[in-house]
2 protein chains.
Amino acid sequence: MRRDSRLSGVLHVLLHMAEHNGPVTSEVLAKAMGTNAVVVRRIMAGLREAGYVRSEKGHGGGWVIHRDLEKITLRDVYDALGHPSLLAMGNRTESPGCLVEQAVNAALDSAFADAEALLLSRLGEVTLAQLSADFHARLSARSHSSSMEISDVH
Amino acid sequence: MRRDSRLSGVLHVLLHMAEHNGPVTSEVLAKAMGTNAVVVRRIMAGLREAGYVRSEKGHGGGWVIHRDLEKITLRDVYDALGHPSLLAMGNRTESPGCLVEQAVNAALDSAFADAEALLLSRLGEVTLAQLSADFHARLSARSHSSSMEISDVH
DNA sequence: GATTTCGTAATATTTGAAGTTACATGAGAC
DNA sequence: GTCTCATGTAACTTCAAATATTACGAAATC
């Protein structure tokens with residue numbers, strides 16, 4: 001199974017938008033993510049419906065964050081993506097007649113559910129504002145450090 | 001991404017083996033799982049290397065559990081499968097130069113790591129013996145219940 | 001009206017699990 | 001010994017879901 005990186009991607013995009021005054025086009029965001037503009041629009045569609053961002057057409061158009069960064073948690077963003085499945089593993093048969101498989105499913109489901117709950121709760125504790133603050137801390141650390149740093153900010 | 005059901009599958013197979021005296025062939029196990037014998041051999045290969053099961057060729061051959069069920073946890077089985085990835089989500093870029101993406105990755109990685117750790121710890125707490133006991137409890141509950149039950153034991 | 005930018009459908013590509021086929025190897029049965 | 005049963009594996013196909021691309025329509029600005 002290829003790993004779903006939409007959450008990672010959309011967060012990246014949102015933080016870039018937060019650094020930018022005024023609308024940012026899908027094309028620009030796609031470049032930052034190293035992907036296609038259509039992919040950006042697709043993953044942003046859910047956020048628009050949820051009211052976290054707005055999109056404007058035509059000249060000078062693009063995407064704008066439409067809510068306070070402190071009011072958006074990673075969990076909100078995840079939900080806006082349509083809460084894709086978190087776990088890569090699952091049961092072979094969902095409602096088995098076989099009692100052996102029922103016992104196996106019960107044990108696994110319980111563990112899976114707890115792990116999912118923990119993950120969602122963790123995501124709910126982090127806001128975009130915190131991510132943005134972390135970014136600025138990294139930026140500051142880099143610019144104040146010696147010239148040992150190689151990689152570039154973009 | 002298709003969901004990985006190897007853990008579910010191999011546990012199912014192990015419990016069926018536990019109910020059976022003497023070796024069980026891949027063919028029989030495959031029937032119980034509704035799959036192919038080669039698939040069974042493939043997922044069992046890791047368990048054999050780990051010493052949890054043994055396989056015997058020729059007439060009367062097949063698979064046998066080779067360790068006390070109380071000494072095998074679901075985590076052990078998971079490890080024997082080669083610890084496949086647990087989470088369906090991941091970072092878009094693993095070692096990004098972009099500081100924005102680094103901040104995103106740091107937050108997500110932390111949440112992901114905790115969820116994985118919890119899941120592994122849960123799996124480590126459950127032994128095959130417990131699963132087997134649960135199965136027998138279900139079996140007993142069914143046979144003592146009224147004839148409302150429809151689904152079949154196999 | 002021309003250009004820019006989003007909106008979205010249709011299609012292709014990619015990745016890894018799962019399923020299948022084929023054949024070699026080893027262990028009993030006879 | 002050889003026949004049959006069973007595992008061991010490689011090679012190949014199928015399948016599902018994310019991702020990427022192409023194409024074209026709709027709205028907003030110049």
Side-chain angles (χ1 to χ4, degrees), chain A residues 1-10 12-13 17 20 22-49 53-64 66 78 81-94, chain B residues 1-10 12-13 17 20 22-49 53-64 66 78 81-94:
Chain A
M1 142 198 57
R2 177 185 275 182
R3 226 139 159 201
D4 185 342
S5 68
R6 276 176 293 183
L7 181 58
S8 165
V10 77
H12 186 180
V13 153
M17 286 164 61
H20 206 272
V24 191
T25 67
S26 309
E27 207 65 55
V28 168
L29 294 173
K31 286 247 169 65
M33 270 178 61
T35 182
N36 192 290
V38 175
V39 174
V40 172
R41 293 191 195 116
R42 203 147 51 199
I43 64 181
M44 295 291 279
L47 297 204
R48 185 182 54 229
E49 281 164 29
V53 300
R54 272 199 334 199
S55 60
E56 280 153 29
K57 294 180 174 179
H59 278 277
W63 298 89
V64 195
H66 197 237
Y78 165 78
L81 291 178
H83 29 264
S85 69
L86 295 170
L87 296 178
M89 314 195 61
N91 292 323
R92 195 170 179 85
T93 308
E94 229 34 77
Chain B
M1 146 211 333
R2 177 183 279 185
R3 223 136 160 203
D4 185 342
S5 67
R6 278 176 291 182
L7 181 58
S8 166
V10 76
H12 186 180
V13 153
M17 286 165 61
H20 206 273
V24 190
T25 67
S26 310
E27 208 65 55
V28 168
L29 294 173
K31 287 246 169 63
M33 269 179 61
T35 183
N36 192 290
V38 176
V39 174
V40 172
R41 292 190 195 118
R42 202 146 53 197
I43 64 181
M44 296 290 280
L47 297 206
R48 185 183 52 230
E49 280 164 31
V53 299
R54 270 199 334 198
S55 59
E56 280 154 29
K57 295 181 175 178
H59 279 277
W63 298 88
V64 194
H66 196 239
Y78 166 77
L81 290 178
H83 28 265
S85 69
L86 295 170
L87 297 178
M89 315 196 59
N91 292 323
R92 196 171 179 83
T93 307
E94 228 34 75

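These figures come from a predicted structure and were not determined experimentally. Proteins get letters first, then strands, A, B, ... in listed order; numbering begins at 1 in each.
Between the CE atom of A:Met89 and the P atom of C:dA17 there is a distance of 10 Å, rounded to whole Å. Going from atom CD of B:Glu27 over to atom P of C:dT21 covers 12 Å, rounded to whole Å. Straight-line distance from the CG atom of B:Leu86 to the C1' atom of C:dA17: 15 Å, rounded to whole Å. A straight line from NE2 of B:His66 to C1' of D:dT7 spans 17 Å, rounded to a whole angstrom. The CD1 atom of B:Ile43 sits 13 Å away from the C1' atom of C:dG19 (whole-angstrom rounding). Per the geometry, CG belonging to B:Leu81 stands 11 Å off P belonging to C:dA17, to the nearest Å. The distance from atom CG of B:Asn36 to atom C1' of D:dT9 is 13 Å, rounded to the nearest whole Å. If you measure from atom CG of A:Leu87 to atom P of C:dG16, you get 19 Å, rounded to the nearest angstrom.
Put simply, B:Arg6 has a side-chain N or O that comes within less than 4.0 Å of OP1 or OP2 on C:dA18. Applying the 4.0 Å criterion to OP1 and OP2 of D:dT9, one finds that B:Arg48 has a side-chain N or O inside that range. For D:dG8, one of the phosphate oxygens OP1 or OP2 lies less than 4.0 angstrom from a side-chain nitrogen or oxygen of B:Ser55. Neither OP1 nor OP2 of C:dT5 sits under 4.0 Å from any side-chain N or O of A:Ser26.
For the atom pair A:His12 NE2 and A:Ser5 OG, the distance stands at 11.5 Å (nearest 0.5 Å). Summarising the geometry, atom CZ belonging to A:Arg41 is positioned 7.0 Å from atom CD belonging to A:Glu27; distances are rounded to the nearest 0.5 Å.
Listed nucleotides C:dA9, D:dA20, C:dC6 differ in distance to B:Arg92; the shortest reach to its side chain belongs to D:dA20. When distances run from any side-chain atom of B:Arg41 to the nucleotides C:dA17, C:dG19, D:dG8, the shortest one goes to D:dG8.
Here A:Arg42 lies in heavy-atom contact (under 4.0 Å) with a base.
Screening A:Val10, A:Leu81, A:Val39 for a side-chain contact (heavy atoms from CB on, under 4.5 Å) involving A:Met44 leaves a single residue, A:Val10.
One N or O on the side chain of A:Arg3 and one on the backbone of B:Met89 form a donor-acceptor pair closer than 3.5 Å. The backbone N or O of A:Arg92 sits less than 3.5 Å from a side-chain atom of B:Ser8, completing a donor-acceptor pair.
When all heavy atoms of B:Leu29 and B:Trp63 are compared, the closest pair comes out as CD1-CD1, 4.0 Å. Contact between A:Gly9 and A:Ile43 at its shortest, heavy atoms only, is C-CD1, 4.3 Å.
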Below 3.5 Å is the cut-off: list the nitrogen or oxygen pairs between protein and nucleotides 25-30 of chain D, distance only.
| residue | atom | partner | partner atom | Å |
| --- | --- | --- | --- | --- |
| D:dA27 | O4' | A:Lys57 | NZ | 3.4 |

